[in-house]
There are 2 protein chains.
Amino acid sequence: MESRDFVTYDVFRRSCPSHTVLEVLSNKWLYLAMMALRSGRHRFTDLQRRLEGVSPKMLTQTLRGLERDGLIVREVFPVVPPRVEYELTPLGREFARLLGQICDWAIANVPEILEARERYAGREK
Amino acid sequence: MESRDFVTYDVFRRSCPSHTVLEVLSNKWLYLAMMALRSGRHRFTDLQRRLEGVSPKMLTQTLRGLERDGLIVREVFPVVPPRVEYELTPLGREFARLLGQICDWAIANVPEILEARERYAGREK
DNA sequence: CGGCATCCTTCTCGATACTG
DNA sequence: CAGTATCGAGAAGGATGCCG
């Protein structure tokens, strides 16, 4: 296991770890959770309120995945009622910055994309 | 329809167009198709070969979506056997550049992410 | 409050076969 | 070659109820 990276990563190959990572990251709730956490620490309920339409199940699942991959940390306060906070790690902040660029781009180009869709729909048969 | 952007886009709101756009973009095959097209024009079969494991159905669906949103153009040559080529639009190139950064980041951080996963798995009960 | 367990529906996706 | 059509498995995701 102490192998160096003597193989070339190839996101196109299903067996390549980079492919798997990309697959995990291609997820709407993951995007949104990362975006929400850019503004700092947040409690579970805060996130649930911010991510309109997310079920507790999906939010938990998403946050667990992010924690597993080292992109966020989860802190549990031993109080009643329970209090759990989530925060980006340095690695997570890097990634969130890139996702932020995607979001910014998406927002900036919504009009153009919607126009393209109308054009496309308009020339059907 | 001639409305200016007097509303504030909010990716967290399900009804916001930017949310829809983000949702569409959260897709593995879309990522990979865009990456493959960064190197120029490609035929359907070329793409199918490049994207390991993609079925013709999913590839068609992915490419249609990208075409619909104005990110790629599809050119059909009236020959036998058929020849169809796909190419990024200027808008698509912009977006592909951002996705490329995500890919690069993913590849660069595969080791760190895999380590995080092992740590996470290791401290389970 | 912040989950987890369970059930159940939906729907994506892959495999396969076929066609202009 | 570049798709389309069809089918079925399996995963994703919502709803609900319970618990520390």
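Letters go in sequence order (proteins before strands), and every chain restarts at 1.
- Taking atom CG of A:Leu32 as the reference point, atom P of D:dG13 lies 12 Å away to the nearest angstrom.
- Shown for residues 52-65 of chain A: residues whose heavy atoms fall under 4.0 angstrom of DNA chain D, namely A:Ser55, A:Lys57, A:Met58.
- Distance A:Leu47 CG to C:dG3 C1': 14 Å, rounded to the nearest Å.
- Here D:dG3 presents its P atom at 10 Å from CD of B:Gln48, a figure rounded to the nearest Å.
- At most 12 heavy atoms of other shown residues, nucleotides or ligands fall within 6.0 angstrom of atom CZ in A:Arg97.
- Distances shown here put every side-chain N or O of B:Trp29 at or beyond 4.0 Å from the OP1 or OP2 atom of C:dT12.
- Distance NZ (B:Lys28) to P (D:dA12): 12 Å, rounded to an integer number of Å.
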### Task
Step by step, work out the side chain to side chain contact (heavy atoms under 4.5 Å, CB included) result for B:Trp29 and B:Leu66.
CA-CA 11 Å; B:Trp29 293 126; B:Leu66 289 171; over 6 Å; no
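- Each of A:Arg49, A:Arg43, A:Gln48 was checked for a side-chain hydrogen bond (donor to acceptor under 3.5 Å, both in side chains) with A:Asp46, and the lone residue meeting it is A:Arg49.
- Proximity of B:Val84 to B:Arg74: side-chain heavy atoms (C-beta onward) are separated by under 4.5 Å at one or more points.
- Remark: B:Arg43 is in phosphate contact with D:dA2, judged by side-chain N or O atoms under 4.0 Å from OP1 or OP2.
- Side chain of A:Glu85 to backbone of A:Arg41: no donor-acceptor contact under 3.5 angstrom is found.
- For the pair B:Asp69 (side chain) and B:Leu71 (backbone), a donor-acceptor distance under 3.5 Å is absent.
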### Task
Test side chain to side chain contact (heavy atoms under 4.5 Å, CB included) on A:Asn109 and B:Phe95 and set out the steps.
CA-CA 10 Å; A:Asn109 291 283; B:Phe95 182 57; over 6 Å; no
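- DNA chain C lies under 4.0 Å from at least one heavy atom of each of the following residues of residues 69-89 of chain A: A:Arg74, A:Pro81, A:Pro82, A:Val84, A:Tyr86.
- Put simply, CD on A:Glu23 is 12 Å from C1' on C:dC13, counting in whole angstrom units.
- The other members of the hydrophobic cluster of B:Val79, by chain and number, are B:Phe77 (side-chain heavy atoms under 4.5 Å, ILVMFWY only).
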